[in-house]
Amino acid sequence: MTVSRETLSELSGVDVSRETFAQLQIFVDLLIAESERQNLIAKTSIPDIWTRHIADSLQLVTHAPQARSWLDIGSGAGLPGIPIAILTNVFVLLVDTRRLRTTFLEAVAKKLVLDQVSVATASIANVAARPFDAITARAVASLDRLLDMTQPFSHPGTILVFPKGKSAAEEVATAQRTWQGRFDIVPSRTDASAGIVVARDVRRRGK
Ligand SMILES: C[S@@+](CC[C@H](N)C(=O)[O-])C[C@H]1O[C@@H](n2cnc3c(N)ncnc32)[C@H](O)[C@@H]1O
């Protein structure tokens, strides 16, 4: 179901301009069309695509509003990386191991003229290290594993923003056995029962 620009702004907590909304609409159309060809998002989530996928992605920007670069690990359908790129206009690197998915992401970036988006077909373990201001990953791995993956891409000010659903508190507790730093769990604006882990200054314990 389509939502208005005003509703999307309210749902996501960000100011969605007319131009951003138009770009997001094109992305939604491409995503729905591509979902006929490959398993990008759960078919059952399509009627709620604006809440479950678009607002869910946009809200992450409120946790790192100053970031000049984002890394999206396991971007899959471009979530949350493509909505973040459309909204912020800053450099976004989308990484996924699956060629079929990255081919779609490249086509989306081209169609929307997102010149500041790069796409890498690789496991994150094989991507050359470079620092990012913000790193995200949705539905990719446990928090503990994500923290390991993000180390080569972190600088002292990097903000990690991971939507974690209902398991957020448990995953933070497990990760804190190995990792130290500041871990906040912020309620998701699109799902009252879900938490977003926002982490800063993360280092392996003992380092
Ligand atoms: C469940 S999908 C989630 C996709 C998207 N983030 C979303 O929320 O719709 C997980 C994606 O992560 C990718 N992936 C898993 N491990 C990865 C790794 N080590 N490096 C890069 N991509 C990975 C998979 O290929 C898959 O596309």
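Quick caveat, the model's predicted, so the values are computed rather than measured. Just so you know, ligand 1 is whichever comes first in the structure, and atom 1 is the first atom listed for that ligand.
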Is the shortest side-chain heavy-atom distance between E171 and L146 below 4.5 Å?
no
So how far is it from D29 CG to L24 CG, rounded to the nearest 0.5 Å?
11.0 Å
Should the pair D72-R138 be classified as a salt bridge under the 4.0 Å nitrogen-to-oxygen rule?
no
I want to know if ligand 1 touches P80 in the polar sense, i.e. an N/O pair below 3.5 angstrom.
no
Hey, is I41 one of the residues with a heavy atom under 4.0 angstrom from ligand 1?
no
Please report which non-hydrogen protein atom sits nearest to atom 20 (N) of ligand 1, along with the residue it belongs to and the distance in Å to one decimal place.
I124 N, 3.0 Å
Just to confirm my output: which protein heavy-atom neighbour is closest to atom 19 (N) of ligand 1, and how far is it?
S123 OG, 3.5 Å
One finds that the ligand 1 atoms under 4.0 Å from a non-hydrogen atom of G76 are 4 (C), 27 (O)
Contact summary for F21 and L8, nearest pair of heavy atoms
CD1-CD2, 3.9 Å
Would you check whether A137 reaches within less than 4.0 Å of ligand 1, judged by its heavy atoms?
no
A122 neighbourhood, listing ligand 1 atoms whose heavy-atom distance to it stays under 4.0 Å:
20 (N), 21 (C)
Among non-hydrogen protein atoms, atom 12 (O) of ligand 1 lies closest to G74 CA, 3.3 Å
Show the nearest heavy-atom pair for residues F183 and V172, with the distance to one decimal.
CB-CG1, 3.9 Å
How far is atom 16 (N) of ligand 1 from the closest protein heavy atom, and which atom is that?
V140 CG1, 4.0 Å
Between D56 and Q59, does any side-chain donor sit less than 3.5 Å from a side-chain acceptor?
yes
Output yes when the distance from some N or O of ligand 1 to some N or O of I73 is under 3.5 Å, and no in every other case.
no
With a cut-off of 4.0 Å, which atoms of ligand 1 are near a heavy atom of R101?
26 (C), 27 (O)
Presence of salt bridge, R200 and D184, under 4.0 angstrom
yes
Taking only heavy atoms of R98, which atoms of ligand 1 are found under 4.0 Å from at least one of them?
25 (O)
Exactly one of T88, L87, I86 clears side chain to side chain contact (heavy atoms under 4.5 Å, CB included) with I84, and that residue is T88
In the single-linkage hydrophobic clustering (I, L, V, M, F, W, Y; side-chain heavy atoms under 4.5 Å), do V202 and I159 co-cluster?
no
Considering only heavy atoms, does S75 approach ligand 1 within less than 4.0 Å through its side chain, its backbone, both, or neither?
backbone
Any idea which protein heavy atom is nearest atom 24 (C) of ligand 1, and the distance to it?
D96 OD1, 3.5 Å
May I ask you to check whether H53 and D48 show a side-chain donor-acceptor distance below 3.5 Å?
no
Looking only at protein heavy atoms, which one is nearest to atom 9 (O) of ligand 1, and how far off is it?
R138 NH2, 3.4 Å
Quick one: which ligand 1 atoms are inside 4.0 Å of a heavy atom on A139?
1 (C), 2 (S), 3 (C), 10 (C)
Candidate list V16, I54, T51, test side chain to side chain contact (heavy atoms under 4.5 Å, CB included), partner L11, passing option
T51
Check: L79 N/O within less than 3.5 Å of ligand 1 N/O
yes
